[in-house]
Amino acid sequence: MAEAADFQGTSPSPARRWLRRTGAVLAGTPLLTGLLQLPAASPAEAATPAAPRAASDDGSVAVSVDSLTPGAPAGGDTVTVSGTVTNKGKKTVTDASVGLRVGSLLDTRSSIDTVAKNSDDIGSPVGAEIDDKYTEKFSKLTPGVSQPYTISVPADELDLGQDGVYDLSVTLTGETSDQPWEQTLGVRHTFLPWQPDEADTKTKTTFMWPLISTVHMTAETGSDEEQTPVFHDDELAEEISPGGRLDRMVALGKDLDVTWVIDPDLLASVEAMTTRYEIPGENADDKNAVGGHQAVAKRWLTEVQKAVADKEVVALPFGDPDLASLAHHGTSVTGSLRHLKEATDVAAGTVESILHVTASTDFAWPVEGAVDPSIIKVSTSAGADKVITRGDTFEGGRDLTYTPTAPRPIGGGTTAVVADARLSTVFEGDMARASASTQAVQRFLAQSLTLALQTDRPRSVVIAPQRTPSAAQAQTMAEAIGALQDSTWSQPQDLTAAAKSKPDPDAGTEVPPASAYPKSLRKQELPRSAFEQIARTQDKLDRFKVILSNPSRVVTPFGRALNRGMAASWRGRPAEAAIYRSGVETYLDTLSSQVRLIEKSDTKLSGRSATIPVTVQNNLVQGVEHLVLRLTSTNPTRLEIDGNAYEEQPIAVSGGHSQSVKFTTNANANGRATVVAQLYTQDGRPYGQPVTFDVKVTEITATVMLVIGGGVLLLVLAGFRMYTQRKRAAARQAEEREQENAADAADADAGDAKNPEASERRPTQESAPDTREDAPEQPSDPAPDTAPESADPSGTGERVDR
């Protein structure tokens with residue numbers, strides 16, 4: 001409108017000229033913008049077509065490497081890489097292509113760590129892509145969908161140069177609707193070790209294969225002859241069942257050149273399952289609660305025996321005690337080191353009796369190999385002269401450009417066997433994903449080869465992995481060891497041989513100070529209270545066992561339970577550890593209380609002397625002996641026990657029985673006296689709770705005794721009087737009968753004189769016995785038991801039997 005108002009031949013005003021210029025600039029802006037964008041929009045004009053520009057939404061596609069075989073290729077091999085690509089973005093990816101790129105040579109161990117840390121960073125450098133024919137293409141990748149890929153390349157096509165470890169990258173390139181040009185949308189870096197020819201000097205590698213579990217058995221056993229063991233859970237059965245963690249450890253380790261590191265407690269626990277075991281709180285009808293896994297336990301032990309038959313076996317102290325916790329919190333508690341010594345003494349015998357192999361007990365293994373002077377001192381106190389440490393906590397040496405050999409003499413005849421930290425920790429983490437497992441294997445091989453290429457010095461390398469690897473971790477470890485044993489730069493070696501190899505004179509031998517001990521590990525240690533409770537339980541056990549007729553039924557299970565109470569497996573589980581230790585102590589208190597005194601009520605004594613019974617009850621299965629029962633009068637001036645203030649008597653009671661012990665008492669005065677009954681061991685230590693009761697004494701006086709004596713005398717006199725009276729009555733009766741007989745005879749003689757015929761007809765006494773009631777007594781008649789009773793009335797106070 002401004003220009004329409006101008007007339008031809010006339011000059012525009014300044015305001016109008018400004019308006020025209022502004023309009024021209026605004027009108028040309030879209031065109032200029034399009035011209036500036038034009039070169040970048042054409043992929044054909046890109047500066048480096050082999051290295052596409054990264055997308056603005058970095059890592060929109062996840063690339064995994066689930067398999068890489070062989071892990072360490074040689075000339076003539078074909079390298080096969082497989083995995084998945086997953087579109088994590090919101091846009092569909094088109095014209096996608098998965099390819100391999102060989103990057104730079106990684107000649108240091110730290111550079112391998114860096115690549116592993118940034119393995120999915122699409123901004124990190126990658127090499128040129130291998131020939132386009134070794135790629136896999138996808139027309140499109142839908143958001144949220146995964147697609148598998150497999151690429152196989154002859155090793156000769158990888159154009160690998162000198163020996164070493166190469167950065168091998170799998171990249172995905174493609175386009176999106178809002179960025180329609182080729183770009184890198186995802187990457188995964190891994191490692192490709194390359195040494196096709198045998199090395200002149202091979203690294204001797206020792207891999208420790210741990211067979212360790214957590215605590216499962218309690219101190220409790222059944223009352224039967226076999227002492228049926230009691231487990232606090234059934235998790236061990238799951239671990240040794242087919243497919244379980246420990247089952248996989250045995251199945252994988254039997255074909256590997258490894259040193260078996262075994263906790264004897266694990267073997268003892270599984271052996272206890274081969275007969276019968278119980279789980280508190282479980283249904284008694286459940287076969288698993290009463291030993292339903294016998295066959296599983298027997299099979300697992302058989303497989304272990306086969307696996308270790310021709311291998312080196314190192315036995316840890318029974319229960320795998322936490323050496324660091326013991327050093328930092330237990331040494332100040334009396335008797336703590338005694339448990340470590342006992343655990344070490346029974347280790348070799350337990351392994352030999354179950355696996356039929358001779359195990360070494362020369363090695364101590366603190367948690368994660370972290371040591372300080374106190375840990376070294378405790379570790380060697382039970383006889384071990386070799387301590388397994390780890391390189392990340394033990395000084396490697398000054399100005400060393402290579403990893404030194406494992407053994408380090410640290411003084412006092414002790415050798416620190418320093419395990420390589422990188423190789424020992426590479427298998428930690430979740431290995432259930434195939435991509436994580438493959439990356440761990442390749443990283444392990446890469447670190448091992450790089451270590452081997454550091455120097456031509458002969459070296460021994462020890463690998464000490466996590467104590468209780470999962471089944472997936474064990475599988476990854478086995479794959480890595482198998483690949484390493486087939487490699488050209490390493491050869492297997494036993495742990496004992498590694499510890500005896502020649503130390504590196506330039507390696508550090510100074511034990512780290514206490515201040516250098518990792519704080520993260522110190523927080524997980526058993527507290528001092530744990531060792532105090534263990535010491536208290538041991539003291540109770542010492543007092544209990546001396547009274548038993550068969551102490552081994554109690555000493556063995558409780559001794560092993562105390563070893564388990566200080567196990568390294570309790571780290572990170574303080575509440576569970578406290579519950580276990582308290583359960584051991586409580587059960588011992590329960591057993592001890594089965595031998596006790598029966599409570600007594602108050603007693604009355606009505607005489608100068610009497611006996612007081614005290615009953616000892618034994619509800620244990622076995623008998624008790626070597627006990628002394630003491631009865632004490634708190635007031636001996638009133639009541640004495642066998643003439644003294646107290647009396648003691650030895651006690652021996654069979655299992656399931658009671659015994660009453662009688663004590664003689666003497667009363668000196670009337671009144672109440674308190675008496676205390678207490679059991680003692682033969683060394684004079686009280687056993688159990690005392691029983692206290694009162695005795696009420698009623699003394700017998702002289703007057704009472706005189707009255708009693710007079711009554712007895714009267715009874716005697718009355719009896720004598722009755723006897724004399726009856727005797728007189730019998731004499732009178734006999735005299736009367738004689739008189740009657742004489743009169744009858746006189747009358748008969750007079751009649752015979754008057755009538756002789758009657759005299760002849762009367763029979764004689766021999767031919768016809770006299771049947772009259774008043775017939776005279778014959779010589780054959782028995783004498784009467786008592787005299788005839790008198791018809792006279794009885795006297796006053798006289799008792800008459802009727």
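- A donor atom on one side chain and an acceptor atom on the other are found under 3.5 Å apart for Q538 and D542.
- Side chain to side chain, N635 and T637 meet the donor-acceptor criterion of an N or O pair below 3.5 Å.
- For the pair S325 (side chain) and L526 (backbone), a donor-acceptor distance under 3.5 Å is present.
- Annotation: side chain of V378 is in contact with side chain of L337 (closest heavy-atom distance under 4.5 Å).
- Each of V387, V314, L316 was evaluated against W365; a single residue qualifies, L316, per the side chain to side chain contact (heavy atoms under 4.5 Å, CB included) test.
- Using a 4.5 Å heavy-atom cutoff, the side chains of I641 and T664 are not in contact.
- Using a distance-only test at 3.5 Å, with no hydrogens or angles considered, a donor-acceptor pair links the side chain of T274 to the main chain of E271.
- Defined by atom type and a distance below 3.5 Å, a donor-acceptor pair is present between the side-chain atoms of S660 and T615.
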Check against side chain to side chain contact (heavy atoms under 4.5 Å, CB included), I279 and D233
CA-CA 6 Å; I279 303 173; D233 57 44; 5.8 Å; no

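- Between E342 and R338, at least one side-chain N (NZ, or NE/NH1/NH2) sits under 4.0 Å from a carboxylate O, which counts as a salt bridge.
- Taken from CG in L326 to NZ in K377, the straight-line distance is 12.0 Å, to the nearest 0.5 Å.
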H339/F531 under ring-ring contact (aromatic ring centres under 6.0 Å, His included): CA gap, chis, key distance, verdict
CA-CA 10 Å; H339 295 290; F531 295 97; 9.0 Å; no

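- For N618 (side chain) and Q622 (main-chain N/O), a donor-acceptor pair under 3.5 Å exists by modelled atom type.
- Between D589 and R596 there is no salt bridge, since none of the side-chain N atoms of the basic residue sits less than 4.0 Å from a carboxylate O of the acidic one.
- Proximity of V614 to L597: side-chain heavy atoms (C-beta onward) are separated by under 4.5 Å at one or more points.
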Decide ring-ring contact (aromatic ring centres under 6.0 Å, His included) for F558 and F544; before the verdict, give the C-alpha distance in whole Å, the side-chain angles of both, and the deciding distance to 0.1 Å.
CA-CA 11 Å; F558 274 99; F544 183 47; 7.8 Å; no

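- Atoms CG and OG, from D385 and S379 in turn, are 11.5 Å apart once rounded to the nearest 0.5 Å.
- With a 4.5 Å cut-off on side-chain heavy atoms, P280 and V230 count as touching.
- A donor-acceptor distance shorter than 3.5 angstrom exists from the side chain of R638 to the backbone of N670, with no hydrogens or angles considered.
- If you check the side chains of D539 and T537, you find no donor sitting under 3.5 Å from an acceptor.
- In the displayed structure, Q305 atom CD is contacted under 6.0 Å by more than 12 heavy atoms of other residues, nucleotides or ligands.
- Note on E278 versus R276: salt bridge recorded, some NZ/NE/NH1/NH2 to OD/OE distance being below 4.0 Å.
- Under the 3.5 Å distance criterion, the side-chain polar atoms of S336 are matched with a main-chain donor or acceptor of G330.
- Distance alone, capped at 3.5 Å, is enough to place a donor-acceptor pair between the T681 side chain and the R685 backbone.
- A donor and an acceptor atom, one from each side chain of T674 and D694, are located under 3.5 Å apart.
- Note: R553 CZ to L591 CG = 10.5 Å, rounded to the nearest 0.5 Å.
- A distance-only check finds no donor-acceptor pair linking the side chain of Q594 to the backbone of V621 [under 3.5 Å].
- Between F663 and T611 there is no side-chain heavy-atom pair separated by less than 4.5 Å.
- Between the CG atom in L679 and the CD1 atom in I547 there is a gap of 8.0 Å [rounded to 0.5 Å].
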What's the verdict on side chain to side chain contact (heavy atoms under 4.5 Å, CB included) for Q678 and T632, showing C-alpha distance, side-chain angles and the deciding distance?
CA-CA 8 Å; Q678 173 69 64; T632 304; over 6 Å; no

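- Checked by atom type, the side-chain pair S332/R528 shows a donor-acceptor distance below 3.5 Å.
- Side-chain atoms of L639 and T634, non-hydrogen and from C-beta on, never get closer than 4.5 Å to each other.
- Remark: side-chain polar atoms of T218 are not paired, donor with acceptor, to backbone N or O of F231 under 3.5 angstrom.
- With respect to D602 and K696, no salt bridge is recorded, no charged nitrogen being found less than 4.0 Å from a carboxylate O.
- In this structure, the separation between OG1 on T692 and CD on E599 is 8.5 Å, given to the nearest 0.5 Å.
- In terms of modelled atom types and a separation under 3.5 Å, the side chain of K600 and the main chain of P613 share a donor-acceptor contact.
- Salt bridge status for D263 with R564: absent, with no side-chain N to carboxylate O gap under 4.0 Å.
- Note on ring orientation: taking the six-membered ring where Trp is involved, the planes of H293 and Y277 are parallel (angle under 30°, cut-offs 30° and 60°).
- Side-chain N/O atoms of D234 and H216 include no donor and acceptor closer than 3.5 Å.
- Evaluated for a side chain to side chain contact (heavy atoms under 4.5 Å, CB included) with I354, the options V270, L266, L267, V304 yield exactly one hit, L267.
- Ion pairing between a basic and an acidic side chain is recognised when a charged N comes within 4.0 Å of a carboxylate O; D265 and R560 show no such pairing.
- Between the side chain of W300 and the backbone N or O of L246, at least one donor-acceptor pair lies under 3.5 Å.
- Only one option out of R467, R571, R522 pairs with D322 in a salt bridge (Lys or Arg N to Asp or Glu O under 4.0 Å); it is R571.
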Could you walk me through whether V351 and T358 pass the side chain to side chain contact (heavy atoms under 4.5 Å, CB included) test, one step at a time?
CA-CA 7 Å; V351 173; T358 301; over 6 Å; no

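- Side-chain atoms of S633 and E640 include no donor-acceptor pair closer than 3.5 Å.
- The distance from atom CG of L236 to atom OG of S269, rounded to the nearest 0.5 Å, is 6.0 Å.
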Does R245 form a side chain to side chain contact (heavy atoms under 4.5 Å, CB included) with S213? I'd like the steps, not just the answer.
CA-CA 10 Å; R245 186 185 73 84; S213 184; 4.1 Å; yes

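- The pair E585-R581 does not meet the salt-bridge criterion, since no charged nitrogen lies less than 4.0 angstrom from a carboxylate oxygen.
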